[in-house]
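Atom set for the values below is all heavy atoms of this structure, side chains included, hydrogens, waters and symmetry mates excluded.
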Amino acid sequence: MGKKNKFLSWLGFGKSDKEQAEREEAERLVKEQAEREETERLAKEQAEREEAERLAKEQAEREEAERLAKEQAEREEAERLAKEQAEREESERLAKEQAEREEAERLAKEQAEREEAERLAKEQAEREESERLAKEQAEREETERLAKEQAEREEAERLAKEQAEREEVERLAKEQAEREEAERLAKEQAEREEAERLAKENAEREEVERLAKEQAEREEAERLAKEQAEREEAKRLAKEQAEREEAERLAKEQAEREEALRRAKEQAEREEAERLAKEQAEREEALRLAKEQAEREEAERLAKEQAEREEAQRLAKEQAEREEAERLAKEKAEREEAERLAKEQAEREEAERLAKEQAEREEAERLAKEQAEREEAERLAKEQAEREEVERLAKEKAEREEAERLAKEQAEAEKPKKKGFFARLKQGLLKTKENIGSGFASIFRGKKIDDDLFEELETQLLTADLGVETTMKLIDNLTDAADRKQLKDGDALYELMKSEMAEILKDAEQPLEINPGKKPYVILMVGVNGVGKTTTIGKMAKQFQSQGKSVMLAAGDTFRAAAVEQLQVWGERNDIPVVAQHTGADSASVVFDAFQAAQARNVDVLIADTAGRLQNKDNLMQELEKIARVMKKLDPEAPHEVMLTIDAGTGQNAISQVKLFDQAVGLTGITLTKLDGTAKGGVIFAVADQFKVPIRYIGVGEGIDDLRTFKSDDFIEALFSQDDEK
């Protein structure tokens, strides 16, 4: 303020405009300096007030040296403090990095321990689940085994009355082999499961190691990047520090030069003042001007130093603020990271808890569902068994009543004098004769041979189901004879047709002969549903028995309800043993058991029944092939006779049956049944003409004696007889 008053006192001497401008500039600079000092005073607290006093004190020329020394000491102290601060920060950083590394290692260790615990828990759960599944599997297998053994024991008890001890030993050996095979399969299954579990654990361990390695690599890369950034930051700070020191050194040198210059100038001014005092007033003006110049330079120097100090303070403050901000940001990031890790850990634990609860709920629901399904299956099976039992009892009752009715009718039919063989044959062929045989008489009688006659004859033959191929063969032969003028009239053509049809059947006449060297002689009966296989078997068995042969029956039709019981009725009626199992059993196993039993008992003839099957169903025909293969295990030549039973009323479908059954099992004989119930028995000619399979039997009635060994001459005579003898 003293300088300001001094400057103001000079304004009244009427100086030039230049001096006025210089004074105004000086006043402006002083005013700006005062404003800056006032701003600093208001902005700062006690330290800023002390700094303002120090700056005011430094403005005095007397304390300039002390001020410079003090500033130098303060700078050195600041540098020392900054260095110590940097060292503390570096120590803190290193300690923090060490703590972070230890924390990361602790977290990694905890994470690894959690993962290991989770893996062990998962393995434990998998082992428990595997043990539970294995236990359930073992229980199911044990239940099935017990059920199977129960069924086999019941079967063994039933067959114990009929089979030899040798068969029991073989069956026990077979059961032992099955148990050993089951144990071997179970052992292989356990080994496969153990290998899969070990492979899975190995894969999980490799995956954990790979993830840990990747985590370590990421952490190492982050640490290196952080250290690189810190090194670059340290270099930058060191460079800035060096620049500040260089600037301070240059400022110090500049101040020293200016101080020396000032002192020299003051000395010169004092000398010049003395000289001017001695000489002229202009020298005083020059001294004043020089002094004002020096003061302006000093004011500029002070302003410059003030600005530098403020800039240094600002930079230091900014540096401190940046470091504080970085520290706060780092602490915030660490807190957020810790919170995130804690949250993730909590989420994982919650997810694991929920997953465990979900798994437990699903397991409980699955067990409940399985329990409900088992109970429902048992209830349905029980209801099904009860319905089947009711149906079986009802059917058995009906069959017994039917068998009693047939036996009664048979007994009543046998009471009167039996008709002769030929009379019964003619009686059975009455319906067939309406279309062929004697039924042709009305066509030929009294007619001349022409195209109309042949056309009418062709229609009659097709109506009788001789088939197109056999009909055209007959017509062609008759036409050739007529062209050669060998026939005089229709009666001659009638006799010729009779001989032609007899010739067709002649090759098919090959009665079944039982080879005594084959014991048992196995006859496998095949055919579609409802053709009369079981009835034919009963009649054949009775005939073989009447010839003095021992007979055994195999109830291989395990599909049709009451088929087994029907065959057993025939066996009981004729005192013939029947080998059978429950409905639904494997037909091949029934036939195999019967074959062994027949061998053990030295039976002459074994007749095996099979389930009726459509000839166009490949899977059913394959089952038939299986039965034949099973027989060949006991006798490579078995079955010795494969007999197809055909219903004469099926017409041309019989051709398809013969063809497909022959392809499947190789037919050796045919039985044509129910000729007495159809007017289309001409299919016998089609079968005999198109296939070289012998026709063993024909059925012309319900009685046992109505199953006839096929003789072509008797068949033709009965078919073409003109009388209606009953």
Give a yes or no on this: more than 12 heavy atoms of other residues, nucleotides or ligands lie within 6.0 Å of atom NZ of Lys226.
-> yes
Lys330 NZ: over 12 foreign heavy atoms closer than 6.0 Å = yes
Output, in order, the C-alpha distance, side-chain angles, deciding distance and verdict of salt bridge (charged side-chain N to carboxylate O under 4.0 Å, His left out) for Arg236 and Glu232.
-> CA-CA 6 Å; Arg236 185 182 65 78; Glu232 291 176 354; over 6 Å; no
Would you please name every residue forming a salt bridge (charged side-chain N to carboxylate O under 4.0 Å, His left out) with Glu89, sequence neighbours left out?
-> none
Where do Ala251 and Glu308 come nearest, in terms of heavy atoms and distance?
-> CB-OE1, 3.9 Å
Where Ile627 and Ser587 come nearest, the two heavy atoms and their spacing | CD1-CB, 3.8 Å
Any side-chain heavy-atom pair of Glu201 and Glu206 under 4.5 Å | no
Run the salt-bridge test on Glu220 and Arg223 with the 4.0 Å N-O cut-off and return the result as yes or no.
-> yes
Decide yes or no for Glu110 and Gln345: does some side-chain heavy atom of the first lie under 4.5 Å from some side-chain heavy atom of the second?
-> no
How long is the gap from CD on Glu193 to CG on Leu198, to the nearest 0.5 Å?
-> 12.0 Å
Under a 4.0 Å N-O cut-off, is there an ion pair linking Glu105 with Arg101?
-> no
